[in-house]
2 protein chains.
Amino acid sequence: MQGDCRCVKLDPMSTIAKALGLLDLFSDAHPRLGLSDVQRLTGRDKATVHRHLVALERAGFLEQDAATRAYRLGPALTRLSGIRARTVPEVEMVRSVIDVLSRDVGELVHVSRVQGFDLVHVHHAEEHDHPVRVAFDAYGLPPLFATASGKAYLAFSPGGLLELAIADPRTCLPGTPAPDRREIEAELKQIASLGYARNRDALRLGVSSVAIPVFDGASRAFATCSIAYPTGRGGKGTEARLARLLMQRGRDITEAMGGVVPPHILDLWTPSRERAAS
Amino acid sequence: MQGDCRCVKLDPMSTIAKALGLLDLFSDAHPRLGLSDVQRLTGRDKATVHRHLVALERAGFLEQDAATRAYRLGPALTRLSGIRARTVPEVEMVRSVIDVLSRDVGELVHVSRVQGFDLVHVHHAEEHDHPVRVAFDAYGLPPLFATASGKAYLAFSPGGLLELAIADPRTCLPGTPAPDRREIEAELKQIASLGYARNRDALRLGVSSVAIPVFDGASRAFATCSIAYPTGRGGKGTEARLARLLMQRGRDITEAMGGVVPPHILDLWTPSRERAAS
DNA sequence: GGCAATGGTTCATATAATGAACCCTTGGAT
DNA sequence: ATCCAAGGGTTCATTATATGAACCATTGCC
């Protein structure tokens with residue numbers, strides 16, 4: 001154990017950043033924290049922490065339970081989040097998350113909303129490190145069963161939808177036979193257990209992709225996010241690596257659009273978090 | 001004009017409070033603000049404002065449009081607000097707003113949720129200044145048509161609901177004749193144009209009340225908030241005064257529960273705001 | 001080409017954040 | 001009943017941090 005983790009003189013955090021950082025300690029797993037909890041989690045002085053908590057409370061970002069004296073997230077967040085939801089268009093909401101993801105993976109990232117049985121473009125980002133990359137093609141309007149996105153959507157939607165999708169001719173590539181019911185069901189089941197859908201050379205030769213669903217406020221899938229990459233790139237581990245990165249961001253993407261990821265999916269996507277907090 | 005509004009040495013605002021205060025400048029009417037806008041609105045130094053904006057942005061509470069360089073509310077608000085919605089029970093959300101309202105008006109304030117055609121208790125607050133006051137009676141389960149709350153709910157719900165409500169025997173006091181259709185419709189229309197419902201001695205002699213609806217995230221009425229007071233108190237102006245105070249808080253109540261007040265109702269409730277911002 | 005307005009940065013100065021020590025209350029253990 | 005530990009909260013001298021006048025860069029306009 002060399003060095004007791006005393007941070008090596010980063011640029012001194014602003015007081016504001018320190019205070020706002022406290023809000024990030026509150027989570028679904030730990031929605032209520034006392035002064036001591038916060039002090040332990042941050043390692044800062046109790047007096048400082050207390051002043052920060054009070055400042056946040058006065059602004060409505062926290063509120064204190066009169067009985068237990070514990071703090072929890074406050075009503076101002078609901079108010080401001082409402083303003084954001086009403087005034088910022090959907091595209092702008094995902095943009096930041098998607099852009100970062102694209103930069104991290106160096107491939108084309110694509111968010112589409114499901115409307116009826118069509119995928120409609122919401123936003124895409126391509127940060128191309130590689131000379132060979134997948135070009136974005138917004139107007140392809142690929143059918144549900146031909147894309148990883150479509151399958152990701154169906155795999156995380158209630159079963160009734162699949163019936164309708166199979167019946168609808170527009171969900172398959174023109175000229176392709178209607179998909180086999182048993183086969184599709186098996187594939188969707190696998191997707192549901194993996195946490196993501198994949199595609200290899202199905203839509204266009206040489207193009208593969210991985211995709212996950214995006215959930216709305218009632219935890220229903222309503223959109224998808226996918227990464228497209230040249231099939232040849234990187235060998236066997238590529239799909240798994242991209243899928244992992246995508247799933248890691250799954251929560252952020254859904255929440256950026258104001259949605260809620262169902263808990264069991266969250267477990268699939270972020271297997272071993274939440275162990276830092278006591 | 002005596003004194004040029006140079007604030008008379010209040011306890012020096014913490015940096016945190018100043019920064020968080022900036023977020024309150026963003027509203028439905030002004031969702032995007034540039035550095036200069038913020039500087040003008042606050043009167044603070046440009047450098048200070050800029051540092052605060054950057055700090056808020058780094059924490060995800062604001063984000064900056066790359067093209068226009070304007071700031072808008074950021075994704076962290078959505079994230080945190082989601083945690084709050086999932087972890088804080090409904091009762092706790094309204095509590096603070098209701099408690100303050102009750103203290104302000106000195107009467108019984110009552111929030112109920114509509115389930116089917118029943119009103120179920122969510123939270124009440126009674127800050128009794130007056131020796132004579134209305135005692136809270138949670139288990140009365142009064143029928144829709146006998147209360148201001150019930151009428152407020154119906155008046156701000158789609159028309160089809162009224163049909164069903166009239167047909168249902170449980171919406172009236174036992175032993176009372178079914179309400180006259182035309183009469184009710186006229187009353188609801190008046191309520192919709194006033195912005196609140198009222199009741200005088202209908203449910204219990206000597207008890208009057210005013211009520212407004214509470215809206216959910218899709219701007220549908222789903223609950224109500226009412227003030228009950230002794231009919232005799234304060235003479236003629238009382239109802240109008242209480243109604244005004246109630247409507248002033250209408251937005252806060254709805255937003256505390258994660259809802260959105262429809263714009264035309266908001267105009268009824270807060271007639272002349274939003275004039276400070278240029 | 002000059003002017004005004006916007007977004008952003010610098011650096012000496014003064015103000016506001018910090019933390020060790022302190023107090024008060026609660027809830028078990030003994 | 002008494003003690004002890006832990007939690008929430010406060011004080012005040014010290015110093016680190018936030019501040020703002022002046023400055024630069026870019027854009028749009030007459």
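So you know, we letter chains A, B, ... as the sequences are listed, proteins then strands, and number each from 1.
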**Q.** Residues which pass side-chain contact (heavy atoms from CB on, under 4.5 Å) with B/Ala218, listed by chain and number, not counting sequence neighbours
**A.** B/Asp216, B/Arg220
Q: Only counting residues at least two apart or in another chain, list the ones meeting side-chain contact (heavy atoms from CB on, under 4.5 Å) with A/Thr42.
A: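 Result, side-chain contact (heavy atoms from CB on, under 4.5 Å) vs A/Thr42: A/Leu22, A/Leu25, A/Val38, A/Arg44, A/Val49.
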Q: Assign a letter to each nucleotide of nucleotides 6-11 of chain D from its 5' end: B, base within under 4.0 Å of a protein heavy atom; S, sugar-phosphate only; -, no contact.
A: -SBBBB
Q: Scan residues 47-56 of chain B for pairs that pass salt bridge (charged side-chain N to carboxylate O under 4.0 Å, His left out), counting only residues two or more places apart or in two chains.
A: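 For residues 47-56 of chain B: none.
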Q.
Run A/Arg58 and A/Glu63 through salt bridge (charged side-chain N to carboxylate O under 4.0 Å, His left out) and show every step you take.
A. CA-CA 8 Å; A/Arg58 289 162 97 103; A/Glu63 62 185 358; over 6 Å; no
Protein and nucleotides 28-30 of chain D: nitrogen or oxygen contacts under 3.5 angstrom:
none

Using a strict cut-off of less than 4.0 Å between a Lys/Arg side-chain nitrogen and an Asp/Glu carboxylate oxygen, indicate whether [X] and [Y] qualify as a salt bridge.
X: A/Arg72; Y: B/Glu92; value: yes
X: A/Arg95; Y: B/Asp65; value: no
X: A/Arg79; Y: B/Asp252; value: no

**Q.** C/dA17 OP1/OP2 closer than 4.0 Å to side-chain N/O of A/Thr48
**A.**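 Indeed not, no polar side-chain atom of A/Thr48 lies that close.
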(Q) Whether A/Ser14 contacts D/dT17 is assessed here as follows: a side-chain N or O lying under 4.0 Å from the phosphate OP1 or OP2. Is that the case? (A) no
Q.
Could you go through B/Arg251 and B/Asp28, starting from their C-alpha distance and side-chain angles, then the distance that decides it, and tell me whether this counts as salt bridge (charged side-chain N to carboxylate O under 4.0 Å, His left out)?
A. CA-CA 13 Å; B/Arg251 180 183 189 160; B/Asp28 290 290; 3.1 Å; yes
Q: Specify the residue among B/Arg44 and A/Lys18 whose closest nucleotide of DNA chain D lies further upstream toward the 5′ end.
A: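 With B/Arg44 and A/Lys18 compared, the 5'-side residue is A/Lys18.
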Protein-nucleotide distance ([X], atom [atom1]; [N], atom [atom2]), rounded to Å:
X: A/Leu22; N: C/dT18; atom1: CG; atom2: P; result: 10 Å
X: B/His52; N: C/dG8; atom1: NE2; atom2: P; result: 15 Å
X: B/Ile16; N: D/dT19; atom1: CD1; atom2: P; result: 11 Å
X: B/Asp65; N: C/dG8; atom1: CG; atom2: P; result: 12 Å

Q | Plane angle bin for A/Trp269 and A/Phe215 - parallel if under 30°, tilted between 30 and 60°, otherwise perpendicular | A | tilted
Q. Between the axis at one end of the helix from C/dG1-D/dC30 to C/dT30-D/dA1 and the axis at the other (five pairs apiece), what's the angle to 10 degrees?
A. 30°
Q. CG of B/Leu77 to CG of B/Leu23: how many Å apart, nearest 0.5 Å?
A.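 Atom-to-atom, B/Leu77:CG and B/Leu23:CG are 6.5 Å apart.
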Q.
Distance alone, cut at 3.5 Å: any donor-acceptor contact between the side chains of A/Tyr229 and A/Glu107?
A.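 Short answer, no.
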